Q: 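Pasting a structure below so you can have a look.
Small disclaimer: the values here were computed from a predicted structure and weren't measured. Remember, it's 1-based here, ligands and their atoms both numbered in the order they're listed.
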Amino acid sequence: MATVTRESHLKENPYDVARTQLRRVADTFGIDESLVRVLERCKKGVVVSIPTRMDDGRMEVFEGYRVQHNVARGPSKGGIRYHPDVTLDEVRALAMWMTWKCALTGIPFGGAKGGIACDPKAMSKGELERMTRRYASEIVNEIGPEVDIPAPDVNTNAETMAWIFDTYSMNKGHPVLGIVTGKPLDIGGSLGREEATSRGAFFAVRETLKKLDRSFDGLIGVVQGFGNVGSYLALFLHEQGAKVIGISDSAVALHNEKGIDIPAAFAWKREHGTLRGFSGAEEIDAAELLELDCDLLAPCALEQVITAENAARIRATIICEGANGPVTPEADEILEQRGVLVLPDILANAGGVVVSYFEWVQGLQQYFWSEQEVDSRLDAIITRAFEETWQLHEKRELPLRVAAYGLAVQRVANATTIRGIYP
Ligand code: NAD
């Protein structure tokens, strides 16, 4: 297997983290223990080996995963991640979070996730394409438009989805539009999908500000991660009058107290693939970025960046989890005690899967919507999920995470009970 020796960003086992969150919610809402035992496990997981011919003629063998957590409410759905630190347990945790996200937003999917342990930044486009096509072939019997529908995640994008769409369709002998979402527009993608996760996060922040009787005007924001989710979120915040004083990617963290020119940073990142070299802000330590004095902190990179170690030093009053799992359960408790409002991942970044659902529906119907239709339906779903979460948070004096997970887990538990356990 291709091994990468570097320090993982995962300090704790993410699957343990996801199960701890589930247990806490189950205790709070009195969910039957036998159901919890069903929900804390993943329905299915495959580990595949992916031999890939590299450009220099060498054969590299990567390890890939596809995990389906729960399908009580519909076919499973979830992204595919390429990263050196990907592990089976990380994919399991991400699959579980997808189940809750779909249930919270009321879309008829269960949760899944996939990943390949690889270093995509060190690979050529040809190598990535061959690895992706072999991975898609290895999981061809696990996925399907009525079974399990992949999408992009960290280091994968519309092009990756095009390769999977083509590989699957070649295997079936006809185009299968519903097999993946996040496809390029020319082959059945949805308008608004690329920005959807950030647009959803933006709607969640907008609703939070309304509750707090605040506005975007003059709001000070910091965004960690400047990929698909972070870059668009920074742009939307900037467009609404917020002052984004800190941004970062895996190469560099940047700070400018007067506010960063986000459209210029966005254009720089698109052109150069990195924030390194962007002028108009000062380079700071990556850890320092999270501790900047601001109103809104949006971690939009990877898991476990806010932990028991740094939670007490976070100065933001609102945290918007653009990434999945950026705050550990221990950090959650510290933030709770300090009165920091955490907009949980399953609500804050649900916009991506909601518009993926729209893309899937459009593909199945071969009938495509306008961007305005996509955005306004997304707005309605996120606003409703936010409102339901907020009401429960107020009524039972629960942190937003526990309220959101409580709603979601109960919906999945109900679906499981109504269907019954087969046979
Ligand atoms: P991406 O690959 O487009 O971007 C990731 C960004 O994070 C890159 O800019 C990368 O340089 C940066 N990064 C990586 N390590 C970092 C570090 N240590 N410090 C600072 N920046 C770092 O990925 P994405 O699709 O934007 O996904 C980001 C997060 O959002 C992930 O947790 C993903 O699961 C979650 N998410 C994505 C979607 C989606 O639709 N793409 C939907 C829901 C949730």
Q: Would you say atom 18 (N) of ligand 1 has a protein heavy atom nearer than 4.0 Å?
A: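 Protein heavy atoms within 4.0 Å of atom 18 (N) of ligand 1 - there are none.
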Q: Could you check whether R384 makes a cation-pi contact with F386, meaning its NZ or CZ is under 6.0 Å from the centre of the six-membered ring and within 45° of the ring axis?
A: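 Output no; distance or angle outside limits.
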Q: Against heavy atoms of T197, which atoms of ligand 1 measure under 4.0 Å?
A: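 Per the distance check, 38 (C), 39 (C), 40 (O), 42 (C), 43 (C).
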Q: Under 4.0 Å from a heavy atom of A323: give me the atoms of ligand 1 that qualify, with their elements.
A: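 Checking each atom against A323, I get 29 (C), 30 (O), 32 (O), 35 (C).
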Q: Give a yes or no on whether the ring-centroid distance for Y357 and F109 is below 6.0 angstrom.
A: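 Y357 vs F109: aromatic centres under 6.0 Å.
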Q: For atom 37 (C) of ligand 1, which protein heavy atom lies nearest, and how many Å away is it?
A: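 Result: V229 CG2, 3.5 Å.
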Q: For ligand 1, note which part of K269 has a heavy atom under 4.0 Å away: side chain, backbone, both or neither.
A: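 Only the side chain of K269 comes within reach of ligand 1.
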Q: Atom CZ of R401 and atom CZ of R24: how far apart are they, to the nearest 0.5 Å?
A: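 So the CZ of R401 and the CZ of R24 are separated by 9.0 Å.
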Q: I need the atoms of ligand 1 closer than 4.0 Å to a non-hydrogen atom of R193, numbered in the order shown.
A: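 In order of numbering, the contacting atoms are 40 (O).
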Q: Please identify which of these residues, V340, V342, L297, L296, meets the side-chain contact (heavy atoms from CB on, under 4.5 Å) condition with I318.
A: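 Per the side-chain contact (heavy atoms from CB on, under 4.5 Å) rule, the option paired with I318 is L296, out of V340, V342, L297, L296.
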Q: Would you say the side-chain atoms of H393 pair up with the backbone N or O of L398, donor to acceptor, closer than 3.5 Å?
A: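 Indeed, once roles are kept as given, a pair shorter than 3.5 Å links the two residues.
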Q: Determine whether any heavy atom of C300 lies closer than 4.0 Å to an atom of ligand 1.
A: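 Yes, C300 has heavy atoms under 4.0 Å from ligand 1.
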Q: C42 and side-chain contact (heavy atoms from CB on, under 4.5 Å): which single residue from M96, K113, H69 fits?
A: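 Passing option: H69.
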Q: With heavy atoms of S248 as the reference, note each atom of ligand 1 found under 4.0 Å away.
A: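 Checking each atom against S248, I get 20 (C).
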Q: From atom 13 (N) of ligand 1, work out which of G227, A201, S250, G78 has a heavy atom at the shortest distance.
A: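 The nearest heavy atom belongs to S250.
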Q: Return the CE to OH distance between M131 and Y82, rounded to the nearest 0.5 Å.
A: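 It comes to 4.5 Å.
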Q: Does ligand 1 have an atom that lies less than 4.0 angstrom from a heavy atom of E303?
A: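 Distance cut 4.0 Å: E303 fails for ligand 1.
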Q: Quick one: does R81 get a heavy atom under 4.0 Å from ligand 1?
A: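 Distance cut 4.0 Å: R81 passes for ligand 1.
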Q: Pick whichever of V353, L275, N324, D153 has a heavy atom sitting closest to atom 44 (C) of ligand 1.
A: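 The option holding the nearest heavy atom is N324.
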